[in-house]
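Reading through the structure tokens given below for one structure.
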Amino acid sequence: MTDEDQVVKEITPMEKDFSQWYIDTILKTELADYTTVRGCIVFRPYGYALWENMQSLLDKRFKETGHKNAYFPLFIPESLLNKEVEHVEGFAPEVAWVTHGGDEELAERLAVRPTSETIICSMYSKWVKSWRDLPILINQWANVVRWEKSTRPFLRTSEFLWQEGHTAHSTEKEAEQETLRMLDVYRDFVESELALPVIAGRKTENEKFAGALRTYCIEALMKDGKALQAGTSHNLGQHFAEVFDIQYLDKDGQLKYVWQTSWGVSTRLIGAVIMTHGDNKGLKLPPRVAPIQAVIIPIPGKESAVVYDRAKKLKETLKGAYRVELDMNDEKTPGWKFSEYEMKGVPLRIEIGPRDVKKNQVVLVRRDNGEKTSVSQDELYETVGKLLEDIQKNMYNQAKSFTEENTHTVHNFDEFKDVLEDKKGFVKANWCGSTECELAIKEKTMATIRCIPFEDSEPDGNCICCGKKATKKVVFARAY
RNA sequence: CGGGGCGUAGCGCAGUUGGUAGCGCGCGUGGUUUGGGACCAUGAGGCCGUGGGUUCAAGUCCCGCCGCCCCGACCA
């Protein structure tokens, strides 16, 4: 049997139409479904379980870095939202408004939060009085609404789930450290749990968060060669503190404004996992977050009772340590199940049939590389652990190689255009630092500056756009 | 908001010059099967997106509306 024959028929091959592959994969694997509400999806149990796993791993990291969870209102009075000028201007076009309560028109419109800086700052101004009240380290798990013109499941939906951290500090230095620390938490999380290699760096003035002093981000490369912003962390400076009047009395008796940060990742990460690891059979989920890490598929044969019995015992052995499922459905053939769980991206398949029962073994098949091995049932517990770890590593390495192979350095505009057309991916190029050049390049090529990377951003030539002396070497890409 | 596409059974689709709706998958029931998406038998399931028009007759032709998807412009 060739690879071609194995391809799941219901999923459009990614070479043919990547976008359709993405949609087909999501729908067929039951991660999500479209609803009657424009731009809004349902997170079906399998997709929600994936998000819950991401949540708990992230939440653990937030707690470890001293943050506490809280929950702020969904509604933001218009007057609050309007306080920070740059912020409103950034979000105004995509805010959903509540104008009525029942039949009665509200005295003041309420925005459905597109992000919570304003409502949170309004509370911080109440809570912060003294240097002793700082820092405030709060995180919120929430849904937000942005009235997007065009939507795609997970990547851009009218309503999405995310977390937003909001902190307040007494010094600029501390705020900057927090901003960078949380970016690094994100980097570590996506690399070690989601197996997504990323480029970390700073956003340009043009690309930064509305109202921020500086924005940092991690950028990942998808299999179609487009970049995806996987997480952002903002140093808000004192912009919000000034308009929301968040002041504290310092040790020296002076009234001072706090320095703030905010940072977030969203369910978009699910999209990143799909588009980084998936193939024409469907999903490939990293073991650390896969809702099902291993599936046991019994092959009943003539002595089905014995096989089923042994399969149940195997599940008992594994279930304390791994997210394992036993598929006892008698209506589907084993072959059907093989394809189904491969499509669903389950990292490891455990087959047990009459032959295995006789030999006291099981057959293990890896989703990441298709490798098939037999192992004694006595060693199953340890072997599963080792394999899951190995799959996780291998998935990261594969994605890493892909990203490296699709990262190109160019030194003039023609080369830049050629690479974008032929090879796509990340393109490193010298840039003079002007917004004019950044926009001109975007106009001509649809590529944006994804970030000014922390590593390897020393210029080694002239700006590919205007030809003047470059100040930075930055990462360009066409992005989602 | 521009360009394109699509609305017919749960899903995917077919439906000829207009003549009163069909296929595949899925679903129910009974049985045989089960090591890479099994098979036989037998069932259930439709206001053909919506409003108007043409016609003896509209899924089909004409006009409007609504919705959804894709690709762009703008954004996690």
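Chain identifiers are assigned alphabetically (A, B, ...) following the order of the sequence lines, protein sequences preceding nucleic acid strands; residue numbering begins at 1 within each chain. Just so you know, these numbers come straight off a predicted model, no measurement behind them.
- An OP1 or OP2 oxygen of B/U34 is reached within less than 4.0 angstrom by no side-chain nitrogen or oxygen of A/Thr333.
- Between A/His87 and A/Phe240, the ring centre distance stays below 6.0 Å.
- Look at B/A38: its Watson-Crick or wobble partner, with both distances under 3.5 angstrom, is B/U32.
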Protein proximity profile, nucleotides 71-76 of chain B - base contact B, sugar-phosphate-only contact S, no contact -, cut-off 4.0 Å on heavy atoms:
SBBSBB
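- Put simply, A/Tyr34 has a side-chain N or O that comes within less than 4.0 Å of OP1 or OP2 on B/C70.
- Residue A/Arg367 contributes atom CZ, which lies 18 Å from atom P of B/G36 at whole-angstrom precision.
- Between A/Phe154 and A/Tyr22, the ring centre distance reaches or exceeds 6.0 Å.
- Going from atom CZ of A/Arg355 over to atom C1' of B/G36 covers 13 Å, rounded to whole Å.
- Screening A/His234, A/Arg450, A/Arg214 for a side-chain contact (heavy atoms from CB on, under 4.5 Å) with A/Lys203, the sole residue that qualifies is A/Arg450.
- Residue-environment remark: NZ (A/Lys424) stays at or below the threshold of 12 foreign heavy atoms within 6.0 Å.
- Nucleotide B/C47 carries a syn base; the chi torsion (O4'-C1'-N9-C4 or O4'-C1'-N1-C2) is within 90° of 0.
- The nucleotide B/C66 finds its pairing partner in B/G7, both defining distances of the Watson-Crick or G-U wobble pair being shorter than 3.5 Å.
- The nearest whole Å value for the distance from the CD atom in A/Glu331 to the P atom in B/G31 is 12 Å.
- Considering only heavy atoms from C-beta on, A/Gln163 comes within 4.5 Å of A/Trp263 through its side chain.
- If you check B/C56 for Watson-Crick or wobble pairing at under 3.5 angstrom, you find it paired to B/G19.
- Here the nucleotide nearest the side chain of A/Pro334, chosen from B/C70, B/G36, B/G35, is B/G35.
- If you check every strand for non-hydrogen atoms under 4.0 Å, A/Arg349 touches a base.
- If you check every strand for non-hydrogen atoms under 4.0 Å, A/Asp17 touches nothing.
- Contact annotation for A/Gln20: no contact, since no heavy-atom pair falls under 4.0 Å across all strands.
- Between A/Tyr34 and A/Thr151, every side-chain heavy-atom pair lies at or beyond the 4.5 Å cut-off.
- Summarising the base pairing, B/G43 is matched to B/C27 through a Watson-Crick or G-U wobble pair whose two defining distances lie under 3.5 Å.
- At a threshold of 4.0 angstrom between heavy atoms, the contacts of A/Val363 include nucleobase atoms, whether or not backbone atoms are also involved.
- The residue A/Gly264 sits apart from the nucleic acid: no heavy atom pair falls under 4.0 Å.
- Pair assignment for B/C1: B/G72, on the basis of Watson-Crick or G-U wobble contacts that are both within less than 3.5 Å.
- A straight line from CG of A/Asp356 to P of B/U34 spans 16 Å, rounded to a whole angstrom.
- The environment of NZ in A/Lys472 is sparse: at most 12 heavy-atom neighbours from other residues, nucleotides or ligands sit within 6.0 Å.
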